[in-house]
There are 2 protein chains.
Amino acid sequence: MEEIKDTEKQILNAAKEIFLQKGFDGARMQDIADKAGINKAMLHYYFRSKDRLFESVFRELTSNIFPKLFQSLMSEMPFEEKLKSIVNNYMDFLVINPDLPLFVFREINSNPERIANILKDVVKIDDFKNQLKGNVDNAISESGLENIDATQVVLTLLGACIFPAIAKNLIKIVFKMTEDDYVDLMIKRKEQLPKILINGLKK
Amino acid sequence: MEEIKDTEKQILNAAKEIFLQKGFDGARMQDIADKAGINKAMLHYYFRSKDRLFESVFRELTSNIFPKLFQSLMSEMPFEEKLKSIVNNYMDFLVINPDLPLFVFREINSNPERIANILKDVVKIDDFKNQLKGNVDNAISESGLENIDATQVVLTLLGACIFPAIAKNLIKIVFKMTEDDYVDLMIKRKEQLPKILINGLKK
DNA sequence: TTATTATTTAACCATTTGGTTAATACGAAA
DNA sequence: TTTCGTATTAACCAAATGGTTAAATAATAA
């Protein structure tokens, strides 16, 4: 474990909040300093520049969940079991971190280079495509899945989990939900998704 | 049809591109002017401020598809038919406008007030929740759907369509796809989704 | 043609924003 | 206590950015 100075940690936490909500372009160094309750110069003292601070934040936010998710997708478990485990773990994660996916997609879109650069040491995607294909093709033959592309399976699975997180604020407006309502929705979804997905993807 | 001056239209088109890719915060008035090939002062001459220009762009981008989508969701067609029609229409739309959903969600997240303000005259969501519930409940009893919440049905349907659009750039990186590959993926998905969704949501 | 109005531009302006710096406060070792 | 490196701050700075303006140009009506 790296020893992280108290101030440094405060900055990182404040920066996480601001970057998550406002994105790189919308985030203001002064706002981050204010939220951390310290002088703006400290941001540069500890992290040098907005870019570097952002990079640290992005790394902290993704370096756990990204590899974990990729690993889960590649694991050799039987398909149905694997799917259930991913849905469970990932939905729990999303209830706690509802704005991470939108953050990631937003940044990829508005500044692909910056993110591609960071991503390549956060996660090894070198041969993800082929490994995944092999892995899902097996599942198809073993457990009577509809013969569809591995990519489609992954998109269906991830979309079913992630979309409600991305759309969180719109959902709350359109369906007039409180925060509690939303959490409820996600918990119920966690229970219902495996069946929906398995039935949907089966032959 | 409103007559729109040539310059005004050029500005609007350039602004669409820039706002879609960079979002409100990342967009630069100068970049929009450059892309439109006109002097920056023209932006203010025609649209007064960045906020107003953004508002016009947002309206143009959403004022067709939003009500159309809401209407489709509320239509009284038999459930399976309705679902197929939504998937078809909406997937076609997304292939042509892949960055609209991310744009909308992004802006809702980073500046909820601004968007809520615009949205309320773009689409009537007053009693969407109850109308939708009635509508889907009917479908449940009529066509042997699993007894799940209407909200979940809508999220599953929309997520399955929209997520691949939101994730477009990441998908292209992770699966090493060209633009053509991606379009292929979406076209195939359009064919496969109705079956996946209906099987998944059925009892 | 001339007067008048609408359109366009280059040069500015004020504010915001990321970043720096010089001076100060603090803490630990000597 | 003194010394010395670390942490912190207030005051600045330069560049970027949204927005304005006065003058010029084009278009239109008289």
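Since the structure is predicted, the reported quantities are computational estimates derived from the model, not experimental observations. All values below were derived from every heavy atom in this structure, side-chain atoms included, with hydrogens, water molecules and symmetry-related copies excluded. All chains are named by letter (A, B, ...) in the order of the sequence lines, taking the proteins before the strands, and each is independently numbered beginning at 1.
The interatomic distance linking A:Asp31 (CG) with C:dG18 (C1') rounds to 13 Å, in whole Å. In this structure, A:Asn39 places its CG atom 16 Å from C1' of D:dT6, rounding to the nearest Å. Note: CG (A:Asp34) to P (D:dA10) measures 12 Å, nearest angstrom. Rounded to an integer number of Å, the gap from B:Gln30 CD to C:dT9 C1' is 12 Å. Spacing between atom NE2 of B:His44 and atom P of C:dC12 amounts to 19 Å, rounded to whole angstrom units. Computed from coordinates, the B:Ile11 CD1 to C:dT7 C1' distance equals 11 Å when rounded to whole Å. The nearest whole Å value for the distance from the CZ atom in A:Phe19 to the C1' atom in C:dG18 is 11 Å. The nearest whole Å value for the distance from the CD1 atom in A:Ile32 to the C1' atom in C:dG18 is 11 Å.
Listed by first and then second residue, the side chain to side chain donor-acceptor pair (under 3.5 Å) pairs involving residues 37-52 of chain B are B:Asp51-B:Arg114 (not counting sequence neighbours).
Among the nucleotides D:dT20, D:dT8, C:dT20, the one closest to the side chain of A:Ala41 is C:dT20. When each of C:dA6, C:dT9, D:dG19 is scored by its nearest atom to the side-chain atoms of B:Lys40, the top-ranked nucleotide is D:dG19. Counting only heavy atoms from C-beta on, B:Met29 has its side chain closest to D:dG18 among C:dG19, D:dG18, C:dT7. Here the side chain of A:Met42 is nearest to one of C:dA10, C:dT7, D:dT9, namely D:dT9.
When the side-chain nitrogen and oxygen atoms of A:Thr7 are compared with OP1 and OP2 of D:dT8, one or more of them lie within a distance under 4.0 Å. Side-chain nitrogen and oxygen atoms of B:Tyr45 include none within less than 4.0 Å of the OP1 or OP2 phosphate oxygen of D:dG19. For B:Arg28 and D:dA16, the shortest distance from a side-chain N or O to OP1 or OP2 is not below 4.0 Å.
Aromatic rings of A:Phe103 and A:Phe58 (six-membered ring for Trp) have centroids within the 6.0 Å cut-off, being under it.
Considering only residues two or more places apart in sequence or on other chains, B:Asp184 meets the side-chain contact (heavy atoms from CB on, under 4.5 Å) condition with none of them.
Residue contacts for A:Phe47: at a heavy-atom cut-off of 4.0 Å it reaches no nucleic acid atom on any strand shown. The residue B:Ala27 sits close only to the backbone: its heavy atoms come under 4.0 Å of sugar-phosphate atoms, none of a base.
A:Lys188 and B:Asp149 are not joined by a salt bridge, as no carboxylate oxygen comes within less than 4.0 angstrom of a charged side-chain nitrogen.
A donor-acceptor pair is defined here as one N or O able to donate and one able to accept, closer than 3.5 Å; such a pair exists between the side chain of A:Asn89 and the backbone of A:Ser85.
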